[in-house]
Number of protein chains: 2
Amino acid sequence: MEALLNTIRHFIPLTEADAALIRQLFKIKQLSKGQYFVQEGYTCKQVGFIQQGLVRYFLNKDGQELTYEFGKEGEFICNYASFLDQSVSDESIQVLEDTSLLVISFDDLQTFYKQVPAGDRFGRLIVESIFVRAKKQLASLYSEPPEVRYRQFLQLYPDIQQRIPQYYISSYVGVKPPSLSRIRKRLAQS
Amino acid sequence: MEALLNTIRHFIPLTEADAALIRQLFKIKQLSKGQYFVQEGYTCKQVGFIQQGLVRYFLNKDGQELTYEFGKEGEFICNYASFLDQSVSDESIQVLEDTSLLVISFDDLQTFYKQVPAGDRFGRLIVESIFVRAKKQLASLYSEPPEVRYRQFLQLYPDIQQRIPQYYISSYVGVKPPSLSRIRKRLAQS
DNA sequence: CAATTCCGTTCACCTGGGTTAATAAATCAG
DNA sequence: CTGATTTATTAACCCAGGTGAACGGAATTG
């Protein structure tokens with residue numbers, strides 16, 4: 001819970017009363033490997049904060065699962081497109097390891113916005129940060145070849161590389177597993 | 001000006017007083033072909049609404065201009081990442097034809113938010129819509145080959161295809177000009 | 001422990017885009 | 001209108017990734 005408070009404090013100041021409210025509104029949620037935080041076809045009803053664990057975001061293209069993002073400890077997870085207007089999600093967030101989350105419901109988040117003075121500001125900053133993140137990924141896809149994207153992935157997630165199957169990484173990088181194998185081989189012998 | 005009001009009414013209802021305020025806050029701005037709405041290294045100080053004309057968004061990768069988006073009549077243009085926190089922009093928006101805009105400054109937009117009851121809601125909906133747009137483009141880059149992306153571009157911008165150089169389109173599609181030529185050739189003979 | 005499933009790598013072959021350069025076509029400026 | 005510049009196409013060659021399949025090793029399961 002302290003990690004959550006510190007992360008929020010990274011964006012806005014919190015009084016003790018604010019912190020107490022946050023402790024009330026966020027609930028512990030455990031998901032085991034393979035379970036979904038949001039599933040395609042359902043509505044994203046919560047925002048989560050990862051205390052421990054790992055998730056992947058993916059979308060479905062003609063039956064193919066395209067993993068385009070990961071989430072790790074200390075990060076918020078949510079399909080905001082579905083959450084913000086409580087519409088049906090067209091993508092999924094799946095847990096890759098047993099994961100421990102703190103979650104807040106849509107309604108409780110409105111309470112947070114009402115009662116915490118800088119709450120709206122926090123909400124705006126979070127949405128902005130995920131938007132900037134999406135833009136960065138777009139820029140990377142446009143400008144970097146797969147090999148560079150793989151190296152950047154290793155920098156971004158140095159630890160989790162051995163905790164998950166390679167084919168999730170290959171999807172993130174934008175290639176098929178055999179091609180990632182070749183990239184890894186090229187990098188190893190240089 | 002009516003086009004702007006109707007576009008806003010597409011998101012929220014407006015009273016006559018709201019409309020009058022909007023008419024005051026938005027100013028006419030003319031840009032001629034080649035000029036910039038925002039330039040890399042400068043701050044985006046306005047949001048624009050295109051009355052007539054065409055723009056491209058691009059980012060700079062080692063001297064290469066990567067065009068990743070277009071804007072046309074009836075659309076808002078802005079580098080929100082730069083505008084929202086008034087920071088230096090890392091990308092540019094350039095006018096591809098003589099273009100007539102209605103623009104609102106950062107400060108005047110705050111006035112709009114304060115005085116129009118549903119103003120904040122409008123702001124949120126706009127930011128959401130550009131976020132969803134970015135996500136769609138990300139999904140398209142991940143899931144569609146260049147040929148499909150080119151066909152989708154033609155559907156999205158049926159008119160402007162002959163008004164701009166092909167190399168902006170090839171960049172948007174994610175390939176080099178010779179490759180777009182080959183794609184066009186393949187499509188023509190099928 | 002054995003059997004099965006899953007996963008990463010490798011191979012051979014194919015396809016499509018990158019690159020460079022030449023040419024043709026279109027646009028622009030004087 | 002003409003010469004100069006810009007832009008689009010084409011050609012030849014190269015290279016990286018896709019595909020389908022086979023293999024071996026790891027992990028799972030009964």
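Note on naming: letters A, B, ... go to the chains in the order of the sequence lines (proteins, then strands), and numbering restarts at 1 for each one. Keep in mind that this is a model prediction, so the values were computed, not measured.
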Task: Flag for A/Thr111-A/Asp108: side-chain donor and acceptor within less than 3.5 Å - done: no

Open item on the list: Over 60° means perpendicular and under 30° means parallel, so tell me whether A/Tyr172 and A/Phe153 are parallel, tilted or perpendicular.
Closed with: tilted

Open item on the list: I'd like to know if B/Glu16 and B/Arg23 make a salt bridge, using a cut-off of under 4.0 Å between side-chain N and carboxylate O.
Closed with: yes

Task: A/Ser140 versus A/Arg149, closest heavy-atom pair with distance - done: OG-NH1, 2.7 Å

TODO: Verify the contact: side-chain N or O of A/Lys33 to OP1 or OP2 of D/dA27, cut-off strictly under 4.0 Å; return yes or no.
DONE: no

TODO: Would you confirm whether A/Ser89, through its side chain, and A/Cys44, through its main-chain N or O, come within 3.5 Å as a donor-acceptor pair?
DONE: no

Distances under 3.5 Å between protein N/O atoms and the N/O atoms of nucleotides 15-25 of chain D, please, pair by pair.
from: D/dG17; atom 1: OP2; to: A/Arg186; atom 2: NH1; distance (Å): 3.3
from: D/dG17; atom 1: OP2; to: A/Arg186; atom 2: NH2; distance (Å): 3.2
from: D/dG17; atom 1: O5'; to: A/Ser179; atom 2: OG; distance (Å): 3.4
from: D/dG18; atom 1: OP2; to: A/Lys176; atom 2: N; distance (Å): 3.0
from: D/dG18; atom 1: N7; to: A/Arg182; atom 2: NH2; distance (Å): 2.8
from: D/dG18; atom 1: O6; to: A/Arg182; atom 2: NH1; distance (Å): 3.3

Open item on the list: At a heavy-atom distance below 4.0 Å, what parts of residues 151-168 of chain A sit against DNA chain D?
Closed with: none

- [ ] Compare all side-chain heavy atoms of A/Val47 with those of A/Tyr80 and state whether any distance is below 4.5 angstrom.
- [x] yes

- [ ] Find the distance B/Leu96:CG to C/dT27:P and express it as a whole number of Å.
- [x] 16 Å

- [ ] Would you sort out whether A/Gln46 and A/Lys29 count as a side-chain hydrogen bond (donor to acceptor under 3.5 Å, both in side chains), showing the intermediate values?
- [x] CA-CA 11 Å; A/Gln46 302 171 324; A/Lys29 180 172 195 168; 3.0 Å; yes

TODO: Report yes or no: is the cationic atom of A/Arg121 (NZ for Lys, CZ for Arg) closer than 6.0 Å to the six-membered ring centre of A/Phe11, at no more than 45° off its axis?
DONE: no

